[in-house]
There are 2 protein chains.
Amino acid sequence: MTLDEAKQYLIQAWGTLGSSWGVSRTMAQVHALLLVAPSAMSTEDIMEALQISRGNVNMNVRDLMDWGIVKKVLKPGERKEFFEADKDIWKVAIQITKERKKRELEPILRVLEEISTIEADITDPEVKQFAETVENLKKFANNADSTLNNFIRAEESWFWAGILKLIK
Amino acid sequence: MTLDEAKQYLIQAWGTLGSSWGVSRTMAQVHALLLVAPSAMSTEDIMEALQISRGNVNMNVRDLMDWGIVKKVLKPGERKEFFEADKDIWKVAIQITKERKKRELEPILRVLEEISTIEADITDPEVKQFAETVENLKKFANNADSTLNNFIRAEESWFWAGILKLIK
DNA sequence: TTGAACTTTCAAAATTAATTGAAAATATTT
DNA sequence: AAATATTTTCAATTAATTTTGAAAGTTCAA
């Protein structure tokens, strides 16, 4: 396998993985491409590498920047914008975790909280069973939430520990 | 909020959550419906509750059974099949974790492994950088894999502990 | 201010995924 | 074996998402 074949293969696989994770195939491919790129790439570079349109590159790169895992870089003397992916996969994981937590877990927690306010006859067994199910979902969601918070906190303190050591 | 409104609301929210997790909206809704149902439901019950076609119910219920979070139950004297969701949300979480691990993490691990076999000039800095990126991805994926295995193992042993206590 | 280089937007087109519903298959009862 | 009840399949349709590309917008050097 040559270098280019290997890159191609990884980009492909990353795209497939992405699409089962609520990330569009193309967005995941752009990310993978930037991840294995030896240096920052311009819109045109990406267009050519993945054979997709300018608009498509623009939108996906912007989404990746919204997720905080791709950055715009300006090369001195160049007018074009270049993009690079954070090469530290742990930072990427933290970012994605934070974003998904915010976008998905937190909304469902709010819904569960709101549902808990249901005023109904607790002696009705159907109401009781429903209340229990919701209670369980809440416990579960809260547990997931703190697990994720721990993960984020652990990774971040590890990150800062590294920084502190450098500047000491 | 009445009981029915609360159920409706939860089903809706669960469907939205599902669609950002690579699960189709309808499949997540069927799951939520069964989760809050006071008893097992027939295909027709589900059709009516969610206003979807027979074929659609059939496919989604079958998928949920493939995921191992919904079971077929036969009521004595009834010809129809009924379905119920596992009410233990932890078991659901384990099942989903297992399945997603198998369907998503393991394939990407295989790809990364295969890519590692790339035969190329290690002195070429581009090759070296790529090899490092792949190495990092591998470390990350392996770490995720063992984290998930731990989660599954912890939950399962907890589950068996409960069973053992019962039969002792 | 102009125009060239580059980026962004967005309506339309293409693609992909989900859904329907009726027909075929299967199972059950008489 | 025939009639009946129920489930499954799948081609056609519908819906949702993604992509395109050309036009509009922006930036900046001259």
Side-chain angles (χ1 to χ4, degrees), chain A residues 11-34 39-67 70-84 103-104, chain B residues 11-34 40-67 70-84 100 103-104:
Chain A
I11 289 167
Q12 218 49 44
W14 206 247
T16 306
L17 182 69
S19 60
S20 57
W21 272 83
V23 174
S24 93
R25 173 184 262 45
T26 305
M27 185 165 149
Q29 287 183 340
V30 172
H31 180 229
L33 176 66
L34 293 175
S39 58
M41 297 180 82
S42 70
T43 299
E44 303 222 328
D45 295 337
I46 299 171
M47 284 169 67
E48 175 161 13
L50 300 179
Q51 292 291 303
I52 58 178
S53 74
R54 182 175 299 283
N56 203 358
V57 170
N58 187 272
M59 294 189 108
N60 282 299
V61 161
R62 210 133 44 74
D63 281 352
L64 287 166
M65 290 194 293
D66 285 348
W67 279 83
V70 160
K71 281 203 307 268
K72 194 181 278 188
V73 293
L74 295 171
K75 292 196 184 174
E78 286 263 26
R79 190 118 157 231
K80 265 187 275 200
E81 299 177 331
F82 291 78
F83 304 95
E84 67 181 14
R103 297 179 194 201
E104 295 152 25
Chain B
I11 289 166
Q12 218 48 45
W14 207 248
T16 306
L17 182 69
S19 62
S20 56
W21 271 85
V23 174
S24 91
R25 173 187 263 41
T26 305
M27 184 165 149
Q29 287 184 341
V30 173
H31 179 229
L33 176 65
L34 294 175
M41 297 179 83
S42 71
T43 299
E44 304 220 330
D45 295 337
I46 300 172
M47 284 170 67
E48 176 162 12
L50 300 180
Q51 292 290 304
I52 58 179
S53 74
R54 183 175 299 283
N56 201 359
V57 170
N58 187 271
M59 296 193 107
N60 285 108
V61 161
R62 214 133 40 74
D63 282 352
L64 286 166
M65 290 194 292
D66 285 348
W67 278 82
V70 160
K71 280 203 308 268
K72 194 181 277 189
V73 294
L74 295 170
K75 292 196 184 174
E78 285 264 26
R79 197 127 152 215
K80 268 187 273 199
E81 299 178 330
F82 291 78
F83 305 96
E84 67 179 15
R100 294 195 74 118
R103 298 180 192 200
E104 294 152 26

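Order of the sequence lines fixes the chain letters, A, B, ..., with proteins taken first and strands second; residue numbering starts at 1 for each chain.
A salt bridge between E44(B) and R54(B) is present, with a side-chain N of the basic residue lying under 4.0 Å from a carboxylate O of the acidic one.
Each of L34(A), D63(A), N60(A), V30(A) was scored for a side-chain contact (heavy atoms from CB on, under 4.5 Å) with V70(A), with one residue passing: L34(A).
Across the protein-nucleic acid pair, R54(A) atom CZ and dT19(D) atom P stand 17 Å apart, rounded to whole Å. Between K72(A) atom NZ and dC6(C) atom C1' the separation is 11 Å, expressed in whole Å. Look at CG on L74(A): it is 13 Å from P on dT27(D), rounded to the nearest Å. dT15(C) atom C1' lies 12 Å from atom CZ of R25(A), rounded to whole Å. Between the CD atom of E78(A) and the P atom of dA5(C) there is a distance of 13 Å, rounded to whole Å. In this structure, CE of M47(B) is placed 20 Å from P of dA18(C), rounded to the nearest angstrom. The CD1 atom of I52(A) sits 18 Å away from the P atom of dA14(C) (whole-angstrom rounding). Atom-to-atom, NZ of K80(B) to P of dT26(C) comes out at 22 Å; the value is rounded to the nearest Å.
A pairwise comparison of heavy atoms in V23(A) and A28(A) identifies CG1-N, 4.0 Å as the closest pair.
Distances shorter than 4.0 Å separate none of the side-chain N or O atoms of S24(B) from OP1 or OP2 on dA17(C). Between dT9(C) and R62(A), a contact under 4.0 Å exists linking OP1 or OP2 to a side-chain N or O. For N58(B) and dT7(D), the shortest distance from a side-chain N or O to OP1 or OP2 is not below 4.0 Å.
For the pair R25(A) and W14(A), the cation does not sit on the ring face, since its NZ or CZ is not both under 6.0 Å from the ring centre and inside 45° of the axis. Cation-pi geometry between R100(B) and W67(B) is not met: the NZ or CZ atom fails to fall both under 6.0 Å from the ring centre and inside 45° of the normal.
Residues N56(B) and T43(B) both approach DNA chain D. Their nearest nucleotides, taken by heavy-atom distance, put T43(B) toward the 5′ side. DNA chain D is contacted by both V23(A) and G55(A); V23(A) maps to the nucleotide lying nearer its 5′ end (nearest heavy atom per residue).
Applying the 3.5 Å distance criterion, the base of dT27(D) shares a donor-acceptor pair with the side chain of R79(A).
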